[in-house]
Amino acid sequence: MATATLTLSRSSLDLADARFKSLKGPIDADLMWEVFCGIPEGIDRYLVLRDLLTVAPKVYYQLLLRHTETILPFIYTPTVGEACERYHQLPLKTRGLYLTLHDRGNILNKLQAWPTQDIKVTVITDGERILGLGDLGANGMGISEGKITLYTAAAGVDPQQCLPICVDVGTNNPKLLADPDYHGIKAPRLTGAEFDGFMAEVMEGLRAWRPHLLVQFEDFGNNNAFRLLEAWRHKMCAFNDDIQGTACITLAGLLSAVRATGKPLQQHRLLFLGAGEAGTGIGELVAQYLHLRHGLSLEEGRQRCFFLDSKGLVCSSRSNLQHHKQPFAHEVPFCPDLKSAIAALKPTALIGVSTIAKAFDQEVVEAMCGLAERPIIFPLSNPTSKSECSFEDAFRWSNGKVLFASGSPFAPLHDAAGGLHHPAQANNAYIFPAVGFAAVLTQSREITDEMFVLAAEELSKMTDMQELEQGRLFPPFQRIRAISKVLAGRVAQHMVAAGLGALPGDFTGDWEVYVADRMWHYDHM
């Protein structure tokens, strides 16, 4: 039992359940869980968890590790989206580090002044593309805080070694610029060479401060995300979760789904609605998988992937395509919209990364059912309000044939015979904490695409055919520590074998045992 007394912010007291308001004295984890479950609104649960972490961190981590799957939506998507939108209005204390334009020339000093210096992992954002919600500026700190927590919950990284960072370079959000309560820089975003110069100082400062630091880029806009990744992925142990983490969990879902279809991935045709960093990142990793595991060239792998953006089908007849779309501009006739593209290309898998709510309507789902006995439909856009379709609709319109995964969670449902079907959630938290922990343990110099291919393959092996028939393309998230143990072990082994990571001096000879023994637990507090 913790000895702290719970004292909540006025807003939490006003909004939370009455049982929570009456809670006084030492905080018991079981009682706190009962109170938490009685709070009706997601944002209030989010605030309660933040307050609990402040006043009784051991109880917070007890609940987080005991009830990970249940708590996840209230520290990450979908609730974190609302939290970021309202971050400047909510009664909360920032837990991360802001690096702003006012810190130019002083970045390293500011890092060296952080109270905890043994930092091994950072999640860094500039708030330009928060989930599907757009430019939220300095409010993007909420996404870094949420993502960094998952390193502890999912993979056992010591929370004292994790640092959320928000880079404040201004915002182009007119509502925030006009809001007197917004505390970020009230100026248009830095762009071009000025942005690159500031980010170079940030990254060089991080490298000088902690040479083996793992850096996760999070929710940068398309114009900067690819460029930052390419500029730093070979200089530091850095990756972009929106590009590579999303690609990895989607590839894992596809590898599970194609087992249910009876046809290998190279015999499928993928159509993406949305051609931003998430979508083309998936396409590139699919091509890498087909190249590494099935001997196709990267170009042949890309030929299995087709993209629609706001102007229609990405194809060779289009001009002025952004750099990341050009590898997928195939020699096919132009199609102006999704339905014409489905009719012309005859895909067997449809992946939504568009943030266009309800774009996969009944006509679209029924068209996919006409092309495949078990159509693969992945509406991946976050948060739930941006999802291309719901599980209930996809299941009903496909008469239960759909192989489904979404970015945000949906409730399971029963079919007419009473059978229970579980919608898979393609949650990056299956992937990035384990891959990151492997990098920390081995002090890997880089994180390569092959590491994400390996993680996707390992995750896809963790479901059997019976589970696939129930809709479980991924193992239950409640087992995430056991899952991460396997993934981190296999990836760490690869890092060392590839010469990118070092075998730890105290390595015991079994990677899974070694990873498990080094996972942080609340008993360590």
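What's counted below: heavy atoms across the whole structure, side chains too, no hydrogens, waters or symmetry copies.
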Set out, in order, the CA-CA distance, both residues' side-chain angles and the distance that settles side chain to side chain contact (heavy atoms under 4.5 Å, CB included) for Trp232 and Lys235, then state yes or no.
CA-CA 5 Å; Trp232 294 100; Lys235 297 178 183 177; 3.8 Å; yes

Donor-acceptor check, side chain of [X] to backbone of [Y], threshold 3.5 angstrom: yes or no?
X: Asp219; Y: Leu131; value: yes
X: His330; Y: Arg304; value: no
X: Thr463; Y: Pro475; value: no
X: Ser484; Y: Arg481; value: no
X: Ser406; Y: Gln425; value: no
X: Ser144; Y: Ile165; value: yes

Taking the six-membered ring for Trp, are the ring centroids of His421 and Phe395 within less than 6.0 Å of each other?
yes

Please confirm whether Phe477 and Tyr430 have ring centers closer than 6.0 angstrom.
yes

Nearest-0.5 Å distance that lies between atom [atom1] in [X] and atom [atom2] in [Y]:
X: Trp397; Y: Met368; atom1: CH2; atom2: CE; value: 14.0 Å
X: Leu441; Y: Leu214; atom1: CG; atom2: CG; value: 11.0 Å
X: Leu63; Y: Cys37; atom1: CG; atom2: SG; value: 9.0 Å
X: Leu298; Y: His291; atom1: CG; atom2: NE2; value: 5.0 Å
X: Ile431; Y: Leu459; atom1: CD1; atom2: CG; value: 5.0 Å
X: Leu350; Y: Phe272; atom1: CG; atom2: CZ; value: 9.5 Å

Return yes if a side-chain donor-acceptor contact under 3.5 Å exists between [X] and [Y], otherwise no.
X: Ser408; Y: Thr77; answer: yes
X: Glu82; Y: Tyr46; answer: no
X: Gln303; Y: Glu299; answer: yes
X: Glu388; Y: Ser354; answer: yes

In terms of relative ring orientation, are [X] and [Y] parallel, tilted or perpendicular, with 30° and 60° separating the classes?
X: Trp520; Y: Tyr61; result: perpendicular
X: Phe452; Y: Phe239; result: tilted
X: Tyr514; Y: Trp511; result: perpendicular

Could you pull out all donor-acceptor pairs under 3.5 Å where a side-chain atom in residues 245-252 meets a protein atom, sequence neighbours excluded?
unit_1, atom_1, unit_2, atom_2, d
Thr246, OG1, Asp241, O, 3.4
Thr246, OG1, Asp242, O, 3.2
Thr246, OG1, Asn428, ND2, 3.0
Thr250, OG1, Thr246, O, 2.7

From the list Phe360, Phe378, Phe410, Phe404, ring pair (Phe, Tyr, Trp, His ring centres under 6.0 Å) with Phe391 holds only for Phe404

Charged N to carboxylate O below 4.0 Å: is that the case for Arg129 and Glu277?
yes

Are the charged groups of Arg302 and Glu284 less than 4.0 angstrom apart, N to O?
yes

Would you mind listing every side-chain hydrogen bond (donor to acceptor under 3.5 Å, both in side chains) that reaches into residues 466-478, with sequence neighbours excluded?
His422-Arg472

